[in-house]
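Below, chains carry the letters A, B, ... as their sequence lines are ordered, and counting in each starts from 1.
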Amino acid sequence: MTPSTKPVRVRFAPSPTGRLHLGGARTALYDYLLARQTGGTFILRIEDIDLKRYVPGAEEELKQGLRWLGLEWDEGPDVGGSFGPYRQSERKEIYLDYARQLIDQGKAYYCFCTPQRLASMREQQQRSKLPIKYDGTCRQLDPGKAAKRVAAGEPHVIRFKIPEEGSITIHDYLRGDIVVENRTIDDYILIRTDGFALYHLAAMVDDHLMKISHVIRGSEWLSTFPLHAHIIRAFGWEEPIWIHLSIFLKPSGKGKMSKRESAELMKDGYSIYINDLQGLGYVPEAVLNCIALMGWSYDDHTEFFTKEDLIQKFSIDRLNPAPAAINFTKFDHFNGLHIRNLSIEDLCNRVKPFFLNAGYKVDDQVLMQVTPIIQQRIATLEEAPTMAGFFFEEHVYPNPQELIGAKMTAVDSANALRAVYDLLSSLPRIDTETAEIPMRNLADQLHLKAGQLFGIIRVAVTGKTVSPPLIESMAIIGKEKVLERILNGIDMLGNMA
RNA sequence: GCCCCCAUCGUCUAGCGGCCCAGGACGUGGCCCUCUCAAGGCCAAAACACGAGUUCGAACCUCGUUGGGGGCACCA
């Protein structure tokens, strides 16, 4: 059994400096699932302490993405909660207070080294192939004297004092114990010259104050994990359960997803950004299903999951720490599965904007009839207009060459179409019941294969060589328009002969 | 360069010492169904990175090598 049958408090803590991508969404999803299945709390915290990196609109996009995926947060911006504020930019003083506590206890110290000095120090270390690390100059300073320099207004930062000797054992839920020598850990800066905290302090303080029980984050934090544990232990706080998720690799499996790689993907109609996925015709159900499976599995064969399934079946015990490459073709497949899992009405609503966007005037009555016959033929919603746009068009413009049946001449084809016209116009209406058998019989009479005959009609009526089932399509288009299009096809063939 | 993490089909993964000459899924190839395209069904090719060790027995445990990844900021 999962150890988390008690209600958890988990947080998704993105910095609003970039867009919400699949990796972030997956972290948020796991947070959400854990919270929902234990009756716990899912918190959204905006990590925007660094105002210099503020990106307008990023927070909004982030929230939109989460909402689109259906990952509603219980505490955070817009919804409040009793552990706020939930934006780090509004918590500056809190962090300063805690940093000063560490100073008082001798667990942190003031540092007056200038950025220039640090840069040249690093350069030298790099040249001598030494580990790159603060050299500890200000660590030796007398605390009293340092305090006086601070009081006098000398620019300074606050650094955490890592013990010189020994090692620290930290525990990641997926990897077990990790032992790190203290001498390899840097005396990281906690508070900058401008008084703002850095992530390392801010996140630990917030997690503690917000009573976070499980920290789920990317494995890029693994290298500063020992520092974080040191900070928490310096305060004497209880540690959360740490779960470091693997990162997402590019589809090739070689290297992490980069900006450049994303641009390449966009050309193929794929994107790692949640807000793009919506426009590309992906349904949130499929996105959730896919990212859930990147690093988590239920058993050796079950792969289709709805959000409710996931809430019920997710378990951190079945998480996999190995990095994973995104497989977009599988993404398409899952999107198809979830599209087929939708009710007709639901699918109508989702597909409509894509028809509108493609410039079609959508008749809702027609759409209701069209949707069932395209449901199993589209992998993304975006494919709907190209597949079925002709249903909403007044006229259709076939390629004359395609009007000629397989192994037939233009004259043969025109004759066949004429016969079809006579047949169909004699019917009270055109649908599978009334037209299927007569049409097949006609093909026989003309010594044609059904496929040959149907092919010609298909091109004349839909304008395309590939379409939903012919007779069902004609039933939707209606007798009048069908006959009109067939006449037009006969004309086109006549002009060719 | 230093620190840390990871390692099963092309990709996502199951496997936690004998059930595995390794199971599922996507993709690929073939067949069936079929008015085109799909969907669906069936079949096939396709992997335990390498080397030592532990053990009666290793994909599973240990060590090393190799490969991949992350980090080394007054970013998060």
Side-chain angles (χ1 to χ4, degrees), chain A residues 13-18 47-50 52-53 88 111 113-115 118-119 122 125-133 155-159 172 174-175 178-181 183-186 188-194 196 198-200 202-203 217-226 244 246-247 249 251-256 290 293-304 318 320-334 336 340 373-379 387 436 439-440 443 449-455 457-459 462 464-471:
Chain A
S15 96
T17 52
E47 308 221 319
D48 59 349
I49 24 178
D50 191 3
K52 276 181 298 202
R53 308 207 324 155
Q88 291 189 327
C111 172
C113 295
T114 62
L118 295 174
R122 252 178 246 126
Q125 288 168 338
Q126 198 151 40
R127 245 183 291 124
S128 353
K129 306 200 165 176
L130 253 42
I132 295 164
K133 185 173 179 270
H156 63 278
V157 300
I158 296 177
R159 281 184 187 273
D172 173 74
L174 309 183
R175 288 161 255 259
I178 300 168
V179 182
V180 180
E181 296 296 324
R183 63 181 160 73
T184 66
I185 310 171
D186 209 347
Y188 283 84
I189 291 173
L190 263 23
I191 302 285
R192 308 195 303 206
T193 307
D194 61 10
F196 280 95
L198 255 59
Y199 173 89
H200 308 300
R217 43 152 40 169
S219 67
E220 67 268 24
W221 294 111
L222 227 35
S223 53
T224 42
F225 182 19
H244 291 91
S246 64
I247 49 140
L249 272 20
S252 63
K254 306 263 176 205
K256 192 164 94 156
C290 279
L293 256 17
M294 308 267 326
W296 174 81
S297 61
Y298 177 64
D299 57 21
D300 63 349
H301 64 281
T302 315
E303 294 211 300
F304 184 89
R318 295 193 59 88
N320 178 346
I326 304 171
N327 184 178
F328 280 99
T329 45
K330 192 161 184 173
F331 224 94
D332 282 338
H333 175 254
F334 273 91
R340 271 166 254 141
I373 63 173
I374 62 169
Q375 185 167 30
Q376 63 185 196
R377 278 165 241 273
I378 54 174
M387 169 111 254
E436 172 121 35
M439 281 172 64
R440 287 183 187 281
K449 294 230 163 107
Q452 284 176 293
L453 217 217
F454 283 42
I457 309 171
R458 167 172 286 110
V459 172
T462 71
K464 291 148 22 91
T465 54
V466 172
S467 81
L470 215 215
I471 303 176

Quiz item: Roughly how far apart, to the nearest Å, are B:C5 and B:C20 at atom C1'?
Solution: 28 Å
Practice problem: Please tell me which of A:Ile191 and A:Ile471 maps to the more 5' nucleotide of RNA chain B, matching each residue to the nucleotide holding its nearest heavy atom. | Solution: A:Ile471
Quiz item: Closer than 4.0 Å, any side-chain N/O of A:Arg192 to the OP1 or OP2 of B:A73?
Solution: no
Self-check item: Any A:Asn320 side-chain N or O less than 4.0 Å from OP1/OP2 of B:A14
Solution: yes
Quiz item: What's the closest nucleotide to the A:Ile189 side chain, out of B:G71, B:C74, B:C35?
Solution: B:C74
Quiz item: If you draw a 6.0 Å radius around CZ in A:Phe328, do more than 12 non-hydrogen atoms from other residues or ligands fall strictly inside?
Solution: yes
Quiz item: Taking the six-membered ring for Trp, are A:Phe225 and A:His244 parallel (under 30°), tilted (30 to 60°) or perpendicular (over 60°)?
Solution: tilted
Quiz item: Any donor-acceptor pair under 3.5 Å between the side chain of A:Thr184 and the base of B:C2?
Solution: no
Quiz item: What is the base-pairing partner of B:A25, counting Watson-Crick and G-U wobble geometry with both distances under 3.5 Å?
Solution: B:U11
Quiz item: Nearest nucleotide by nearest heavy atom, which residue falls closer to the 5' end of RNA chain B, A:Pro323 or A:His200?
Solution: A:Pro323
Self-check item: Minimum-distance nucleotide (side-chain atoms of A:Val180 versus B:G24, B:C4, B:G40)
Solution: B:C4
Practice problem: Please indicate whether A:Lys449 has more than 12 foreign heavy atoms, meaning atoms of other residues, nucleotides or ligands, lying under 6.0 Å from its NZ. | Solution: no
Self-check item: P-based separation of B:G69 from B:U11 [nearest Å]
Solution: 13 Å
Quiz item: Is the phosphate of B:G15, meaning OP1 or OP2, less than 4.0 Å from a side-chain N or O of A:Arg318?
Solution: yes
Quiz item: Looking at the side chain of A:Arg440, which of B:C72, B:C35, B:C12 is the nearest nucleotide?
Solution: B:C35
Self-check item: Short side-chain N/O contact to B:C6 OP1/OP2 from A:Arg175, under 4.0 Å
Solution: no
Quiz item: Can you find a donor-acceptor pair, distance only, under 3.5 Å between A:Arg377 side chain and B:C37 base?
Solution: yes
Exercise. Spell out yes or no: do the side chain of A:Glu303 and the base of B:G24 have one donor N/O and one acceptor N/O closer than 3.5 Å?
Key: yes
